Asks: 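Dumping the structure here so I can ask a few things about it.
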Amino acid sequence: MTLTSTQTSEAALLELRGTRLIESATSNRELTAAQALVGEEIILSLRNVHGALGLLDLPSEAPVGWEGLMGRVYTLGLDPEERVFLGLTLSMVGIGNTPLCAVSDLGERRRAIILRAITRLAGNDTPAVGRRI
């Protein structure tokens, strides 16, 4: 499959926004949440999410607005699994009230991302998440 120049530039913009989100982290909790959101890719690729986070204007030194994202969770057009993932991610920053048991509502890929993030929050930078034989 060949990418068009529009798809290539959108991918480059998404990468810049992801980098800005990670670089703007002011605590380990924000860094872990940013890494989870960047790793998930789909939610961060939505224009509504960019706007809620304050990532539309690149390059900008304005702080990322995690609180703004929480206030708009139900207006972003996310499906239930995406909302759960975003809620769990925001909980890492200390915003929101998504219970940890909601992880059971996630698919395998998103569940692995959240489990890695929780392990990072606990102080382990190299978590092993996956199936064991």
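Residue numbers count from 1 along this sequence. This structure is a prediction, so every number in the text was calculated from the model and none was measured.
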Asks: Should the heavy atoms of other residues, nucleotides or ligands under 6.0 Å from CD of Glu81 be counted, would the total exceed 12?
Replies: yes
Asks: Looking only at heavy atoms, what is the nearest atom pair of Arg120 and Asn28, with distance?
Replies: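 So the minimum-distance heavy-atom pair works out to O-ND2, 4.0 Å.
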Asks: Nearest 0.5 angstrom please: Thr98 OG1 to Met92 CE, how far?
Replies: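 With rounding to 0.5 Å, OG1 (Thr98) is 10.5 Å from CE (Met92).
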Asks: First locate atom OG1 of Thr89, then atom CD1 of Ile95, and finally report the distance between them rounded to the nearest 0.5 Å.
Replies: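 Those atoms lie 11.5 Å apart.
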Asks: Exactly one of Asp105, Ile114, Ile113 should register a side-chain contact (heavy atoms from CB on, under 4.5 Å) with Leu88. Which one does?
Replies: Ile114
Asks: Measure across Ala102 and Val84 and return the closest heavy-atom pair with its distance rounded to 0.1 Å.
Replies: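 Heavy atoms only, the tightest pair is O-CG1, 3.4 Å.
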Asks: Begin from the C-alpha positions of Arg72 and Leu86 and carry the test side chain to side chain contact (heavy atoms under 4.5 Å, CB included) through to its verdict.
Replies: CA-CA 11 Å; Arg72 296 185 188 172; Leu86 186 56; over 6 Å; no
Asks: As an exercise, state the distance from CG of Leu31 to OG1 of Thr26, rounded to the nearest 0.5 Å.
Replies: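 Nearest 0.5 Å value for the CG-OG1 distance: 10.0 Å.
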Asks: At their closest point, which heavy atom of Arg111 faces which heavy atom of Leu106, and how far apart are they?
Replies: NH2-O, 2.6 Å
Asks: Got a second to check how far Leu53's CG is from Leu69's CG, nearest 0.5 Å?
Replies: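 Spacing of CG (Leu53) from CG (Leu69) equals 4.5 Å.
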Asks: Compare every heavy atom of Leu21 with every heavy atom of Leu44, then report the nearest pair and how far apart it is.
Replies: CD1-CD2, 4.2 Å
Asks: A quick test of your reading: do over 12 heavy atoms of other residues, nucleotides or ligands sit less than 6.0 Å from CG of Asp79?
Replies: yes
Asks: Measure the spacing between CD of Glu82 and CG of Leu46 and express it to the nearest 0.5 Å.
Replies: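 So the CD of Glu82 and the CG of Leu46 are separated by 6.5 Å.
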Asks: Hey, what do you get for CG (Leu78) to CZ (Phe85), rounding to the nearest 0.5 Å?
Replies: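 That separation rounds to 11.0 Å.
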Asks: Can you pull the side chain to side chain donor-acceptor pair (under 3.5 Å) pairs that have at least one residue in residues 39-49, sequence neighbours excluded?
Replies: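 Residue pairs passing side chain to side chain donor-acceptor pair (under 3.5 Å), neighbours aside: Glu40-Arg110.
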Asks: side-chain hydrogen bond (donor to acceptor under 3.5 Å, both in side chains) with Ser104: which residues, sequence neighbours excluded?
Replies: none
